[in-house]
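In what follows, a single structure is set out as structure tokens and then discussed.
A, B, ... follow the sequence lines: proteins, then strands. Residue 1 opens every chain.
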Amino acid sequence: MYDPKAVEARMYRFWETAGAFRADAASSKPAFSIVMPPPNVTGSLHLGHAWNNTLQDIIIRHRRMAGYEALFLPGTDHAGIATQARVEKALREETGQTRYDLGRERFVERVWEWKHAYGNQITDQVRAIGSSCDWSRERFTMDEGLSRAVRKVFVDLYEKGLIYRGNRIINWCPRCATALSDIEVEHVEVPAQLYHVRYPFADGEGSLTVATTRPETMFADVAVAVHPDDPRYAPIVGKPVCLPLTDRTIPVIADAYVDREYGTGCVKITPAHDPNDFEVGLRHDLDMPQCIGPDGRLTELAGPYAGLSREEARARVVADLEAQGFLVGAEPLDHAVGHCSRCETVVEPLLSLQWFVRMQPLAQPALEALRRGELRFVPARFERIFSQWLENVRDWCISRQLWWGHRIPVWYCGQCGDATVSLDDPAACQHCGSTEIHQDEDVLDTWFSSGLWPFSTMGWPEATEDMAKFYPTDVLVTAYDILFFWVARMVFTGLEFTGRMPFREVVVHGLIRDGQGRKMSKSLGNGVDPLEVIERYGADALRFTLTTGTSPGNDQRFFWEKVEGSRNFINKLWNAARFVLMNLGSDAALPELQPGTWSLADRWIVTRLQDVVSTTTEQLNRYDFGEACRTLYDFAWDEFCDWYIEFSKLSLYGTDEDAKVQTRAVLVYVLDTLLRLLHPVIPFVTEEIWQALPHEGEALILAHWPEPRSDYRFESAVAEADTVMEVVRAVRNLRSEMNVAPSKPVRLDIHPRTDTAHTALAAGVAYLQRLCNAASIEFHREGDAPAQSVSAVFSGGELFVPLAGVVDVDAERDRLQREAGRLQSEVKRASAKLANESFVSRAPAAVVEAERAKLADYQQQLEAVTQRLAGLT
RNA sequence: GCGGCUGUAGCUCAGAGGGAGAGCACCACCUUGACACGGUGGGGGCCACAGGUUCGAUUCCUGUCAGCCGCACCA
């Protein structure tokens, strides 16, 4: 039994020390590069990473073998919010302190300590998967070089006017206490109430009714808006209304933003707490007071409600409105509410001073490049999703109120108030020369730095050798969930700063789910740890499982049974290799191939191997990983193990020494080629076996990728072997149906109908003898069935197994009648098709011809069965 | 609302314009000299539904239904 644990760690070390993962920028070979989507430094590997890494590693190993200077560049991401939250949690648990207790400097030091302590964990896990990354080029988003790139990009964008600071409504997570970008907000449909609230006119003449889902924001209301063309409200525009629960009055204004059909046609305007209201506020030059603070609690503006949470405030406000007669009613309403994608807290739209990237000028060139076909998505449908997003992007809020990350390179002057934006830390204000400057407290969105990953990792902005050789990269492999977060950002920063698409192709895969199709998550506790899978079944089994389960762009579910199946396949391969090795004897030398002397089986398997080489290569080239795996699985198991190894025993256990040598040579050749083809998917076992086989070269990982050989094609051998196998199956079937033990030798009479079949079976008679356990085989071109026998038809004739005393005539008749029935329906189907005038005239000639041949064959088989039935007594 | 994905054997899923496939599960048999994580044989499906294109559709097109996912949202 194959034991992955005994192999994998040792093998990885062997490759690494042999320098197999290192890419040489000075190489004359064509470059092929991939940058790894950087996992969170302090995170741990999940199955999604394992999947993502496996696919990339397959591509890289394939390309490396195919003669490219292959670079798989690894690294990690500082993951601002996530990492900071983890360290804060640890701090709280250990000492009960908050980050404010430590202060910024000591806290950041603490995070670095954490990073040093746990940062290797994830990269060790990447190694455990078997990823053949160039660790000498490992990068971290907060490395000095990469931080320099971040500053450079910030400063350049600022100078181009593409970064600005502004007071805008942003998404604020009260729990994380930071601003978020639009895509970090998840809209979740939740049941709510639409409250109708009466706002009395200040003059006491009646009231109007507004509809709102957020009554707790009313303390920041500055107006009530109606549609300018709404006849119902035309007379009241400009009139002041009283804001209930307060002593304030606010005006009624007219704005076309209001939908007359919705609710009452009156909207309360709260510019500091709603993006639409904010726009209205700007148009009407309204005040923008805030009644909810960054902590998610009501501010002093809310008077007696100050200090309450948003939820408490809502309940109290509604109760008080009702008690005081302002609540007209409430209707249930389902609407989408933004939640923090990290912590699921309800996001507060908050008016806040933040830094933004102006997206229009960056998205435009990206869209044009996409239209010019400079970036290909696999599968293609993701291109539309991608460009739709780019077409609709809004400005990107990049400042985060965190301490862990790239600090914004902007210094404000205490004297003149101006900002200095600088690549290097300035000593004084650029504008007035004052030294009384202090740096912006905020850090940049993590994606701002990962958006530079394909070139910042290669040394940009320096013109490095790596940039020259390996940039742009060739393929990016990613799950679809970070297309906007990450891929889009790399695309536009790449175009803006390097003038190139950072990659030619994006291979998109899906998400891994649990057995019920649910996303794996900590809260559900349904996650599967890839290390546990590796521990139990080995990294190869995990890789094989994930790869076979890959269908372009689609999700897959995880089942332990699948891993078990993969483990079984790997074990099968291992045992096949043991068989080959066992039969090589002491001969360590690689026997020379002499195709001229090959047996039928040799010629058959070698020809099939050529098919598999070209099919697999094509499938890998088009990133059809699941299909490539299936091609190899089927060939290895069904053809090589089940048939060829069985065929080979004839020669190996025979007396013809020359044939034996060639069979060994073919076994080694086929296995060697198969190992090469399988190596990208299951690198560990294949290398382990390859090292044991006679081989040239240092390691399989560095061996060359096979190419199909046209001089190794023997088409007639394939046809002949097919006939032999068909007869073997027919006899096995007879034995099984007739309950004749496989161990009991039988006599076999074969009545070939054609010369082709006769020749094939005569050539393969020794295989038939062995695989059918036939005591003797006779061929008869004509003549009657032997007495007391059971029969079967095959496409080239009829066969008989005399079973004196065993034949149950009734059972045999049943069996033959079932067979006749099957053949009749085939004949019916084929003749109906051929009777169709338009089929014969319009279908391709080859298709029609094939149909005719099939019909003839079935008719003959049917005739044979019918005769046989008639002869049964 | 706009866009997308999925619907095929009991389960998980491939597939492709010309006779329905795999793995697992199931049934029967087999300690055959690589492998019981194995071998041999077998059962099991109106390929969601309705139209259309085609000589021919499970495959392409259009709808319907069901499940899922993005994006955008009017309080």
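Where A:Cys641 and A:Gln388 each meet RNA chain B at their nearest nucleotide, the meeting point lying more 5' is that of A:Gln388.
Taking atom P on both B:C61 and B:G45, the two are 29 Å apart, rounded to the nearest angstrom. Taking the C1' atoms as reference points, B:A25 lies 27 Å from B:G19, given to the whole Å. To the nearest whole angstrom, the two P atoms, one in B:G3 and one in B:U64, are 12 Å apart. For the C1' atoms, the distance linking B:U59 with B:G70 amounts to 27 Å, nearest Å.
For B:C69, the OP1/OP2 oxygens have no side-chain nitrogen or oxygen of A:Lys519 closer than 4.0 Å. Remark: A:Lys572 is in phosphate contact with B:G39, judged by side-chain N or O atoms under 4.0 Å from OP1 or OP2.
Following rounding to the nearest Å, A:Lys833 (NZ) and B:G17 (P) show an atom-to-atom distance of 15 Å. What separates CZ of A:Phe647 from C1' of B:G33 is a distance of 19 Å, to the nearest Å.
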Contact state string [nucleotides 5-16 of chain B, B base, S sugar-phosphate only, - no protein heavy atom under 4.0 Å]: S------SSSS-
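Residue contacts shown for A:Glu646 include a base, since a base heavy atom lies under 4.0 Å away.
Separation of the A:Trp560 and A:Phe558 ring centroids falls under the 6.0 Å cut-off.
Contacts between residues 737-746 of chain A and RNA chain B, defined by a heavy-atom separation below 4.0 Å, involve no residue at all.
Judged by distance alone, the side chains of A:Lys268 and A:Thr217 do bring a donor and an acceptor atom under 3.5 Å apart.
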